[in-house]
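Only one structure is covered here, and it is reproduced in the block below.
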2 protein chains.
Amino acid sequence: MSTIKDVAKKAGVSISTVSLVINGKGYVAPETREKIMSTIQELNYKPLHSARKLATKMTGNIGYIVWDVHFSEVEIFYSQIFLGMEYAARDSEHYILLTTVKEDFNPKTDLPRFLKYRDVDGVVLAGRVPHNLIKYLEDQNMPFVIVDYGIPGKVYNSIVIDNFNGAFQAIDQLIKSGKKKIGFVGGSFYHPSIKERYRGYKEALEAHGIGNIEYFNNYSFIKEEETSPEIGQNGINQLLKNNENLDAVFCCNDTTAIGVMNELKAQNKSIPKDIAVVGFDDITSSSFCSPALSTVRVPKLDIGKQAYKLITEIIYHPKETPQTRTISVEYIKRKSS
Amino acid sequence: MSTIKDVAKKAGVSISTVSLVINGKGYVAPETREKIMSTIQELNYKPLHSARKLATKMTGNIGYIVWDVHFSEVEIFYSQIFLGMEYAARDSEHYILLTTVKEDFNPKTDLPRFLKYRDVDGVVLAGRVPHNLIKYLEDQNMPFVIVDYGIPGKVYNSIVIDNFNGAFQAIDQLIKSGKKKIGFVGGSFYHPSIKERYRGYKEALEAHGIGNIEYFNNYSFIKEEETSPEIGQNGINQLLKNNENLDAVFCCNDTTAIGVMNELKAQNKSIPKDIAVVGFDDITSSSFCSPALSTVRVPKLDIGKQAYKLITEIIYHPKETPQTRTISVEYIKRKSS
DNA sequence: AAAATATATTAAAACGTTTCGATAAAACAA
DNA sequence: TTGTTTTATCGAAACGTTTTAATATATTTT
């Protein structure tokens, strides 16, 4: 492996000048620059990151933290966001270090190694994440961005999904296709996204003069736990028991919707003729299940890209006030509605 | 942030001695060691990785490469293996850098950045991966381990799944439960795992005196492409057309099995009464679908752990001859069989 | 008692960069 | 002309470790 020294010697200049060229800083005569560039090519020289990092006191790493349950079980949603970040970081100077944390995270004992050793320049937190972790990052003055989550009353640098409008659109479409008795099946409101989706559901119904307090009472099933197909299964049973005329269900996400569809199929209801089903997220399996699930597409790769962009902006140009960037979503009509 | 210098000064010893204590090398008097340890605690000193790496010429990183299609679309299989590695690496000295490559990978243009800059001490390749990438690693003398893949006629350091026995067991169970006409639905034999699963299927049938050439001809559907639910759908239709007496299907993996089940349900066949279905892998959705899918559980986290163990062994103690370590699997009976 | 070996500590070199400050030539302004 | 600013280059210090080789003392062997 050749070093900057080799390049300098071969090009007949000093180490400093080579460094200036590599980093595009200071004044370097055009011919000198050319000469150095071609020497770099010739020797196939690549700066050694550890040396560079030592000198600059940057780590060149960005941490990506996701709750372990979200990473392992709730499908591939947060992995796709990670991948979007990775794509964005590929041609730049960062590596993304992925790790998971437990729900009962304890900063004293469970700190990800890259935080303990300050081996990252910044951190992206994806989805519901322990609040004491956020606090830790604040205390440590570690730059961070929150993706698809938020804490009521607090404002952080974050990337959020336009959950309200996504839900609103979906319900609007259902109503326009003739559905009138539209149920909601959802999970944990700890997650503000789900709360927002419910708000979109309600306001769309109200906008069409359909929803009112009684309606929402009868047609909503909300269970305060992590979403899963089981919640969908229980939810649809509950709704059917209380409302014989139910003709559509809007689910807080695709995972739940799949549970709903399985249960409906088990009961020999026809989807969407008897009951239409709509999800949210557009996870991989939603287009595979049968009938293919109508849903609201969340552009996961793009979210990752935006998260990367924001965290790097913050690292290099600390913002005075926190930024919130909203990612818009799109209703995807498939066979289930 | 305190440095080794601060520790040395406060403990009243030289930098070298502190370094020896940190790395557990050389001779250090017990009292001195104690003193230094407590000083480290007091100052909350953490060695700076970039400095350490510069001195040792190690990067402290391990690359994890997976074909992009496998990462994004074929469920969470390879993400779980990654997570297993991450768990194993947590308390040690490595970070795992995850990246994906395209199928038509070109070493000249598509090289992952961590390879281009030699920012990893070793690499783990998961699943089907471009052969020219493997060649590149060999040429570069970069230590690597292949997980769940292999190239006929070549032997590499690798972690493989006991596909043969898994399939054998599954078929054995099906036969013992009274099934006689067992079909096989599978995808790309480019992937040796699938080939092995097919071999397990055949030999189990032969062992029971059931299978013969004609039988296998009639009851096998093999499509040379990436596995997907569609293959399952097409496969089961084909098998049903040619064999009215079909009473079970063994699928090369769960993704395919889900396609088979969906199609059977659409045709109002009862699972498992009319036709039993068995998959392979035990991906998350296999326990969620209805009826819950019987399958062969592949311990993904454990595979990741073993991969980490092997690559670190190779990095620190290069092996003369390549190691192949086999991970055993377990048949999981659920409702679909 | 002398020689050899094991234990303990350290100064200094090395790892490969970036960056600060110095120096000097070239361009411009008065 | 002289003085100032801009352009160009470089030597040397700094970043925080590990490691080598030197030195010194304590212990064991002969």
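By convention in this document, chain letters (A, B, ...) are assigned in the order of the sequence lines, proteins followed by strands, and residues within each chain are numbered from 1.
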Quiz item: Bend across the helix from C:dA1-D:dT30 to C:dA30-D:dT1, to 10°, with axes taken over 5 pairs at each end?
Solution: 40°

Self-check item: Which residues share a side-chain hydrogen bond (donor to acceptor under 3.5 Å, both in side chains) with B:S16, sequence neighbours left out
Solution: none

Exercise. Would you give a per-nucleotide map of nucleotides 7-18 of chain D, 5' to 3', where B means the base has a protein non-hydrogen atom under 4.0 Å away, S means only the sugar-phosphate does, and - means neither?
Key: BBBBBB--BBBB

Quiz item: Do side-chain atoms of B:K300 reach the backbone of B:V298 as a donor and acceptor pair under 3.5 angstrom?
Solution: yes

Exercise. Go through the structure and list residues passing side-chain hydrogen bond (donor to acceptor under 3.5 Å, both in side chains) with B:Y117, not counting sequence neighbours.
Key: none

Practice problem: Examine distances only and state if a side-chain atom of B:S158 and a backbone atom of B:T324 form a donor-acceptor pair shorter than 3.5 Å. | Solution: no

When you compare the protein's N or O atoms with those of nucleotides 21-26 of chain D, which come within less than 3.5 Å of each other, and at what distance?
none

I'd like a list of close polar pairs between nucleotides 22-24 of chain C and the protein, N/O only, cut-off under 3.5 Å.
none

Quiz item: Do A:E313 and A:K309 sit within salt-bridge range, that is, some charged N less than 4.0 Å from a carboxylate O?
Solution: no

Self-check item: B:R128: side chain to side chain contact (heavy atoms under 4.5 Å, CB included) partners, not counting sequence neighbours
Solution: B:W67, B:H70, B:E103, B:Y149, B:S188, B:Y190, B:H191, B:E226

Quiz item: Does B:D162 have any side-chain hydrogen bond (donor to acceptor under 3.5 Å, both in side chains) partners at least two apart in sequence or in another chain, and if so, which?
Solution: B:N165

Quiz item: Considering residues at least two apart in sequence or located in another chain, which fulfil the ring-ring contact (aromatic ring centres under 6.0 Å, His included) criterion with B:Y95?
Solution: none

Side-chain donor-acceptor pairs under 3.5 Å in residues 133-146 of chain B, sequence neighbours left out?
from, atom 1, to, atom 2, distance (Å)
B:K135, NZ, B:D139, OD2, 3.0

Exercise. Find out whether B:Y64 and B:L125 are in side-chain contact, i.e. whether some heavy atom of one side chain is under 4.5 Å from a heavy atom of the other.
Key: no

Quiz item: What residues form a ring-ring contact (aromatic ring centres under 6.0 Å, His included) with B:Y27, not counting sequence neighbours?
Solution: none

Exercise. Can you sort out the partners of B:Y308 under side-chain hydrogen bond (donor to acceptor under 3.5 Å, both in side chains), two or more places apart, ordered by chain and number?
Key: B:S92

